[in-house]
Visitor: 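I have a structure here, written as structure tokens, and I will follow up with some questions on it.
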Amino acid sequence: MKNKIAFLLLFFATVGYSQNWKTDFSQTTAEAIAQNKPIILVFSGSDWCAPCIKLDKTIWQSEAFKKYALTNYILQRADFPKKKQNQLPEELKKQNQSLAEKYNQEGIFPLVVVLDGKGKVLGKESYKNVTPEEYIDTLNSFLK
């Protein structure tokens with residue numbers, strides 16, 4: 001019974017990320033190049049960082065962002081959970097650490113990095129208490 005409950009919780013948690021958040025950066029860059037779209041790389045502490053959780057709820061889970069991102073961005077999440085039950089597989093931890101060493105040397109959480117398909121940084125942002133539409137405008141300003 002506990003396994004079923006755990007599975008259901010995991011299922012519903014991933015439904016919240018139904019915008020196709022990627023976790024394999026090589027796949028993300030390949031898709032970005034193939035589709036000629038920029039990448040949104042998000043450094044998050046999903047189970048300990050209050051601004052990360054707010055950003056997820058107010059921006060990433062908003063209908064406006066989901067709809068816009070579907071056709072305009074490739075989404076990549078680099079998560080750094082702290083709770084034991086939320087730990088990531090070792091390979092994913094190593095990849096996320098490598099991404100942090102390259103794109104988030106300051107250790108800022110949350111950090112949103114807009115990249116081109118080749119991994120060039122176009123702009124960076126953190127949590128802002130704005131509407132989803134305003135946040136989209138900020139991200140889009142990096143593309144000009």
Visitor: W21 and Y73: same hydrophobic cluster, using ILVMFWY side-chain contacts below 4.5 Å?
Guide: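 Yes: a chain of side-chain contacts under 4.5 Å links W21 to Y73.
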Visitor: Atom CG in L99, atom CD in E101: separation rounded to 0.5 Å?
Guide: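 Separation between the atoms: 9.5 Å.
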Visitor: Check step by step if side-chain contact (heavy atoms from CB on, under 4.5 Å) holds for N86 and D79.
Guide: CA-CA 10 Å; N86 298 333; D79 195 17; over 6 Å; no
Visitor: Which residues pass the side chain to side chain donor-acceptor pair (under 3.5 Å) test with K67, not counting sequence neighbours?
Guide: none
Visitor: Who pairs with F43 by ring pair (Phe, Tyr, Trp, His ring centres under 6.0 Å), at least two apart in sequence or on another chain?
Guide: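 Counting only residues at least two positions away or on another chain, F43 forms no ring pair (Phe, Tyr, Trp, His ring centres under 6.0 Å).
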Visitor: Mind checking side-chain contact (heavy atoms from CB on, under 4.5 Å) for T58 and listing every partner two or more places apart, or none if nothing turns up?
Guide: Y127
Visitor: Side-chain heavy atoms nearer than 4.5 Å, only ILVMFWY residues, links allowed to pass through others: does that put V113 and L75 together?
Guide: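 In one cluster with V113: L75, no.
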Visitor: Roughly how far, to the nearest 0.5 Å, is the CD atom of Q61 from the CG atom of L55?
Guide: 10.5 Å
Visitor: Run the side-chain contact (heavy atoms from CB on, under 4.5 Å) check on F142 and I40 step by step: do they pass?
Guide: CA-CA 11 Å; F142 302 137; I40 293 180; over 6 Å; no
Visitor: Looking only at heavy atoms, which two atoms of A32 and G117 are closest? And how far apart?
Guide: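 Taking every non-hydrogen atom into account, CB-CA, 3.8 Å.
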Visitor: Can you name the residues that form a side-chain contact (heavy atoms from CB on, under 4.5 Å) with T131, not counting sequence neighbours?
Guide: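 With neighbours one apart ignored, the set is E133, E134.
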Visitor: side-chain contact (heavy atoms from CB on, under 4.5 Å) between K66 and L70: does it pass, once the steps are laid out?
Guide: CA-CA 6 Å; K66 286 180 186 181; L70 187 64; over 6 Å; no
Visitor: Once disulfide bond (SG atoms under 2.5 Å apart) is applied, what residue pairs with a partner in residues 63-115 remain, sequence neighbours excluded?
Guide: none
Visitor: Does Y68 have any side chain to side chain donor-acceptor pair (under 3.5 Å) partners at least two apart in sequence or in another chain, and if so, which?
Guide: N140
Visitor: Any pair with a residue in residues 28-40 that passes salt bridge (charged side-chain N to carboxylate O under 4.0 Å, His left out), sequence neighbours left out, goes on the list, sorted by first then second residue, please.
Guide: K22-E31
Visitor: If only atom types and distance count, is the side chain of Q95 paired as donor or acceptor with the main-chain N or O of F25 below 3.5 Å?
Guide: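 Yes; judged by distance alone, with no hydrogens or angles, the pair exists.
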Visitor: So for atom CD, which belongs to Q85, do other residues, nucleotides or ligands contribute more than 12 heavy atoms lying within a distance under 6.0 Å?
Guide: yes
Visitor: What residue pairs, at least two apart or across chains, pass side chain to side chain donor-acceptor pair (under 3.5 Å) with a residue in residues 104-123?
Guide: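 Matches after skipping sequence neighbours: none remain.
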Visitor: Run the side-chain contact (heavy atoms from CB on, under 4.5 Å) test on R77 and D56 for me, step by step, so that the C-alpha distance in whole Å, both residues' side-chain angles and the decisive distance to 0.1 Å come before the verdict.
Guide: CA-CA 11 Å; R77 187 180 307 270; D56 183 56; 3.8 Å; yes
Visitor: Same cluster or not: L122 versus Y135, using hydrophobic residues (I, L, V, M, F, W, Y) connected whenever any side-chain heavy atoms lie under 4.5 Å apart?
Guide: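 Per the 4.5 Å side-chain linkage, L122 and Y135 are co-clustered.
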Visitor: Hey, any chance L111 and V114 share a hydrophobic cluster, counting ILVMFWY side chains that come within less than 4.5 Å of each other, even indirectly?
Guide: no
Visitor: Output all residues satisfying side chain to side chain donor-acceptor pair (under 3.5 Å) with N72, sequence neighbours left out; order by chain, then residue number.
Guide: none
Visitor: Who passes side chain to side chain donor-acceptor pair (under 3.5 Å) against Q97, sequence neighbours left out?
Guide: none
Visitor: Under a 3.5 Å distance rule, please check whether S126 uses its side chain to pair with a backbone N or O of P110 as donor and acceptor.
Guide: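 Checking the backbone N and O of P110 against the side chain of S126, a donor-acceptor pair under 3.5 Å is found.
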Visitor: Indicate, with yes or no, if I108 and V112 share a hydrophobic cluster defined by side-chain heavy-atom contacts under 4.5 Å among Ile, Leu, Val, Met, Phe, Trp and Tyr.
Guide: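 As far as the 4.5 Å side-chain criterion goes, I108 and V112 are not connected within one cluster.
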Visitor: Going from CD1 on I74 to CG on L115, what distance comes out if it is rounded to the nearest 0.5 angstrom?
Guide: 12.0 Å
Visitor: Per the ring pair (Phe, Tyr, Trp, His ring centres under 6.0 Å) rule, what does the pair list look like for residues 84-121, sequence neighbours excluded?
Guide: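 Checked against ring pair (Phe, Tyr, Trp, His ring centres under 6.0 Å) - neighbours excluded - the pairs reaching residues 84-121 are W48-F109, F80-F109.
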Visitor: Once rounded to the nearest 0.5 Å, what's the spacing between atom CG of L41 and atom NZ of K124?
Guide: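 Nearest 0.5 Å value for the CG-NZ distance: 9.5 Å.
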Visitor: Kindly state each residue pair satisfying disulfide bond (SG atoms under 2.5 Å apart) with at least one member in residues 35-111, sequence neighbours excluded.
Guide: C49-C52
Visitor: Are the side chain of N96 and the backbone of A78 linked by a donor-acceptor contact shorter than 3.5 Å?
Guide: no
